[in-house]
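These notes concern the structure reproduced below.
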There are 2 protein chains.
Amino acid sequence: MSNVTIKDIARMAGVSHTTVSRALNDSPLINPETKEKIKSIAGSLNYTPNYSAKSLVLDRSYNLGLFFTTLRQGTSPGFLYEAIKGVNEIIKDRYNLIVRGIDDYKSYHHVNRKSFDGIMLMSQSAADQPFIEYASDHGIPFIVLNREVEMSGVVNLIPDDQSGAYRMTEYMLRCGHRRIAIVEGKAGFKSAQARKEGYREALLAYGIPLQDELCIRGDYGLESGYKAMVRLLALPERPTAVFCSSDDMALGAVKAAVERGLRVPDDVSVAGFDDTGYSAFTTPALTTVRRPIEEMSRAGAERLMALLETKESAERKTLFHTELIVRDSVKRLNTE
Amino acid sequence: MSNVTIKDIARMAGVSHTTVSRALNDSPLINPETKEKIKSIAGSLNYTPNYSAKSLVLDRSYNLGLFFTTLRQGTSPGFLYEAIKGVNEIIKDRYNLIVRGIDDYKSYHHVNRKSFDGIMLMSQSAADQPFIEYASDHGIPFIVLNREVEMSGVVNLIPDDQSGAYRMTEYMLRCGHRRIAIVEGKAGFKSAQARKEGYREALLAYGIPLQDELCIRGDYGLESGYKAMVRLLALPERPTAVFCSSDDMALGAVKAAVERGLRVPDDVSVAGFDDTGYSAFTTPALTTVRRPIEEMSRAGAERLMALLETKESAERKTLFHTELIVRDSVKRLNTE
DNA sequence: CTGAAAGCGCTAACAT
DNA sequence: ATGTTAGCGCTTTCAG
């Protein structure tokens, strides 16, 4: 029932508990034979160190936080999934991974250096700026993923959303589309802004003015894509292509089009962003932009662990490349 | 920078640290005025208790584990998402939620009563029986969700998969289908077996023999649904309806059918299981069985917390009802 | 109502 | 190479 302590082992081995502690921590000062003996006793007694005690004296909690802006809305299941998977793969059982939406906390009181050795913030919105400042003020080692932050000295891993959106829009333009709408992401989310910017830039490069009526606000969710498409289809002059800032919204948009008797991509083209596992399996398969969440999360975990061990990390800002994934939901209007 | 301890507060308040401890823990033995004074000092100093110290003396870690059989395959993003969301909603900041796939552990060494006050196991497969026994042997309070376990005395919350599958199959039969295939879930997963059983039972009730060629093994993933459908469509006599044991597989199945020029549901009907957020937005909208993961997770968190506080929990086994969700992917062949 | 003292299990000087 | 001692920050007898 494992209430064995180093003192018990010490007694059995006929040494002091200090020696046991050292042996178990592989101190080089201990006689190899003694060490072997102690370890074997520990093994046979099924000894497990009491991490609360270790934590107290070593001033480490062995907890790592993986925090999201919110778990309620705007965070897609696929996003959460890939992030957790990526991080867990790296930290193995060296740390406990604590997953939380920032908005689950009434106060940040429980978030402190004693309780978290480090924090990875999957930042989605500027709304978590206060949290970032809190962490910074309280000297908690942290890194920010997914959203670019201005703060200096912060390790910041971000996907290159803007150029992804640029390439997608450019692709649509190359396919001959000229009237291209965008369904934007959640208001206040940096990623939403970056994707819009890439879209704008591409249009500009082709000398096409940005039209307000073709920019519809969404919130990254399925439903909002649906509603946006309904509005777009009601326009006097319909777009020939719709760039949705998330795959989920693209799904919703396709749904709206199909319900109104239109065919995708024959009557209207639709593209997404994210490349969730589903996008290859929708009908039609979704042309989208792949966002390397899992890779970014793995890298984040590595960087955070390095930061905890060496107390510093070289590169501050790292861009993760997005990739255009061409499937079947955007029609080629020309032969180029 | 919050390295304030109760001793600092004691000094400032002119009392002993014992009194501070008691005051902060709302002990009734402390003079209300003293208490107020101490609390206000603590507040102004921005005191945060050191949870490692509390943990050591109180023998509680304030950690709750949410464990999955695996995070690599067979666990859908939606499943993970709803489970985490449900649990976090209940535990708020009273506990840390640690999310892990059991197969992330090389050994269970780090899983013990000192490190986890309690564990919720989202059990998907009999493969985690050893883990359950481990937890039980080591006296870690735990409850098992999602999969029925034989072990007595274990709090066990499970969705009623079998009757969900039964109702779905029955619905297909009522629609006039007689040649109904099933794409089964991951081998070894209890849920896969239960869904198959519900299917079998319904066929039996209608006097239809189970045909091996209509039972295809899948693994709950998109791809496996696709492959299964390919095989079914190659049959000399095709099924008129295909019951997939997960929405993901249903998506794959629809994909395969459409690629082969068939229309769903006009040429072949497809149904799913789970009712993930996506199922209403696929084309056609998926007829499926809703599985109340979030509710079950919330209930699980409540039960676990009750178990930790009162050291016992009344009901051992609770069934969560699944629900038939009729949408557009199953065709009515008759007029009944 | 408050304080002194002990101790949770561990690590880390400081001896030797 | 090993032991002695102190102490991490907190709660909890036990005394008063």
Assert: residue with more 5' nearest nucleotide on DNA chain C, out of A:Thr5 and B:Asn31, is B:Asn31
Ignoring backbone atoms, test whether A:Ser16 places a side-chain nitrogen or oxygen under 4.0 Å from the OP1 or OP2 oxygen of D:dT2. no
Could you state the atom-to-atom distance from CG of B:Leu24 to P of D:dC10 in whole Å? 9 Å
From CG of A:Asn50 across to P of C:dG9 the rounded distance in Å is 7 Å
Both B:Val15 and A:Leu56 contact DNA chain C. Taking the nearest nucleotide for each, which residue is further toward the 5' end? B:Val15
Rounding to an integer number of Å, can you tell me how far B:Glu33 CD sits from C:dC1 P? 11 Å
How long is the line joining CZ of A:Arg11 and P of D:dG3, in whole Å? 14 Å
Could you state the NZ-P distance from B:Lys37 to C:dT2, rounded to the nearest angstrom? 10 Å
B:Lys39/B:Asp26 salt bridge by N-O under 4.0 Å criterion: yes
Is the Lys NZ or Arg CZ of A:Arg100 less than 6.0 Å from the centre of A:Tyr105's six-membered ring, within 45° of the axis? yes
Tell me the interatomic distance from B:Leu29, atom CG, to D:dT11, atom C1', rounded to whole angstroms. 13 Å
Looking at every strand, decide which applies to A:Ser52 at a 4.0 Å heavy-atom threshold: base, sugar-phosphate, or nothing. nothing
Quick check: do A:Leu66 and A:Ile98 have side-chain heavy atoms less than 4.5 Å from each other? no
Where do A:Pro141 and A:Leu307 come nearest, in terms of heavy atoms and distance? CB-CD2, 3.8 Å
Output one letter per nucleotide in nucleotides 11-16 of chain C: B when a protein non-hydrogen atom lies under 4.0 Å from the base, S when only the sugar-phosphate is that close, - when neither is. BBB---
Rounded to whole Å, how long is the line connecting atom OH of B:Tyr51 with atom P of D:dC10? 11 Å
How long is the line joining CD1 of B:Ile30 and P of D:dT12, in whole Å? 13 Å
Assign B:Ser55 to base, sugar-phosphate, or nothing according to its heavy-atom contacts below 4.0 angstrom with the strands shown. nothing
Answer yes or no: is there a side-chain heavy-atom contact under 4.5 Å between B:Met122 and B:Thr75? no
Centroid-centroid under 6.0 Å between B:Phe131 and B:Phe142 rings: no
Using a 3.5 Å distance criterion without hydrogens, assess whether the side chain of B:Ser123 forms a donor-acceptor pair with backbone atoms of B:Leu145. no
Axial cation check for B:Tyr62 ring with B:Arg94, 6.0 Å and 45° limits: no
Within the structure provided, determine whether B:Asp128 and B:Arg147 are in side-chain contact (heavy-atom separation under 4.5 Å). yes
Between the two end axes of the helix from C:dC1-D:dG16 to C:dT16-D:dA1, each built from 5 base pairs, what angle do you get to the nearest 10°? 40°
